[in-house]
Trainee: 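The structure that follows is given in the form of structure tokens.
Sequence positions, counted from 1, serve as the residue numbers for this chain. Order of listing sets the numbers, starting from 1, for every ligand and every atom in it. The figures that follow rest on heavy atoms only: side chains count, while hydrogens, waters and symmetry mates do not.
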Amino acid sequence: MDLLTARKNAADRLSRACRLCRQCNGVACAGEIPGFGGVGTGSGFIANVEALARRKINLRVLHNARQPDTRITLLGIDLSMPVLGAAVAGVRVNKMDGITEHELARAMIDGPQSAGSIGMGGDGGDPEVFEAAIAATAEFGGHAIPVIKPREQDALIQRVLRARDAGAVAIAVDVDAAGLVNMALLGQKVEPKMAEQIREVVQAADRPVILKGIMTPEDAVIAAEAGAAGIVVSNHGGRALDHTPGTADVLPGIVRALRGDSAGNGQVVVLVDGGVRSGVDVLKMLALGADAVLVGRPLCVAAVGGRAEGVRLQLAEYAKQLQVAMMLTGCESLADVTSAVLSDHRQSVVSHNRSPVTHRRSAVSHQPCSAPW
Ligand SMILES: Cc1cc2nc3c(=O)[nH]c(=O)nc-3n(C[C@H](O)[C@H](O)[C@H](O)COP(=O)(O)O)c2cc1C
């Protein structure tokens, strides 16, 4: 199995859901939800890709960063790379062929684990989506993050307890799914959450809770104050609400709000997703202040075409590309990837500390690239 074969297999199986465009940017599939597109005009998905494409990078080659180290510890979990698998699920509603819900959930959890990373499980209008995520979480020793829809509180807490009992190392709630088309289509109730309800989730989970779908500094601070250990800056791949900005555009303001806060909110882990398609995109998101990124559609394509091995290969490719990008920007460890990597770093966070996260440093001496030039 190689990535090309996985993509060829996926092209046959995804013909009703995804065109496997050369550039996965949300243009051809605009409005196709159910399916792989963004909601409405598709502008949220397109904005994610454009916001990343606008950022340019300072090429630096006169330094000693020869073997960049991509390892990171997030929420106590050791990872080989700052690239995690996003939850992508709902084979029936999203028109994926040649794969069952359980096979998709297994691939999206087994694949990242095999690559030294971690994957997420989904939840949806079809009850099988959550059952598949929980089964795969238990099967792979809890090395997964189930992402639960913001259902009515009792139903949400019930699922949080199921995820906890399956041994999940962390549990997420995709709070931006409060009005998701696919949930409404299948008659499933979801709702916006108040801080008090998040506190209840945190207490029931008894492990780190991540809120996915944070797009403003205000929501980020509420999440932190309600006890979330992490957030995902995300517009659900442009699927939650039309005309949301690109996540790379809102990320620096959110990081500033959390890291500049004296109430201890600087400890919150900041993840981001939306339009990440290469190791260079990963580098940009880290330079804009994220601790790590999630990838959605490309990993789902790899899973449909190549199961866990396809996902592993895709993640390994991102890690390799990130390592090269770090070398060519003079970054020996992830701690060196600051806003100075970006060619117009005044647009972004001036400097940030990823305090809750441990970056491995190799013994090699290097010229740090964090100084402004
Ligand atoms: C077909 C499809 C199904 C998805 N299912 C879920 C889900 O069950 N839970 C969730 O939190 N996000 C879900 N997402 C959103 C992803 O987790 C992620 O936020 C998004 O895909 C990231 O953008 P990217 O695809 O451009 O990388 C889904 C996305 C797609 C395209």
Trainee: Are the charged groups of Glu103 and Arg106 less than 4.0 angstrom apart, N to O?
Mentor: no
Trainee: Does Glu32 pair with Arg16 as a salt bridge, N-O distance under 4.0 Å?
Mentor: no
Trainee: Scan residues 171-190 for pairs that pass side chain to side chain donor-acceptor pair (under 3.5 Å), counting only residues two or more places apart or in two chains.
Mentor: Asn94-Asn182, Lys149-Asp174, Arg151-Gln188, Asp176-His236
Trainee: Below 4.0 angstrom, N of the basic side chain to O of the carboxylate: do Asp249 and Arg54 qualify?
Mentor: yes
Trainee: Who's touching ligand 1 if we go heavy atoms under 4.0 Å?
Mentor: Gly35, Phe36, Ala86, Ala87, Val88, Ala89, Asn94, Gly122, Asp123, Val147, Lys149, Asp174, Lys212, Ser234, His236, Gly237, Arg239, Asp273, Gly274, Gly275, Arg277, Val295, Gly296, Arg297
Trainee: Between Asp273 and Arg239, does a salt bridge (charged side-chain N to carboxylate O under 4.0 Å, His left out) hold up when you go through it step by step?
Mentor: CA-CA 12 Å; Asp273 73 14; Arg239 293 164 74 79; over 6 Å; no
Trainee: Thinking salt bridges, do Asp126 and Arg92 make one under a 4.0 Å N-O criterion?
Mentor: yes
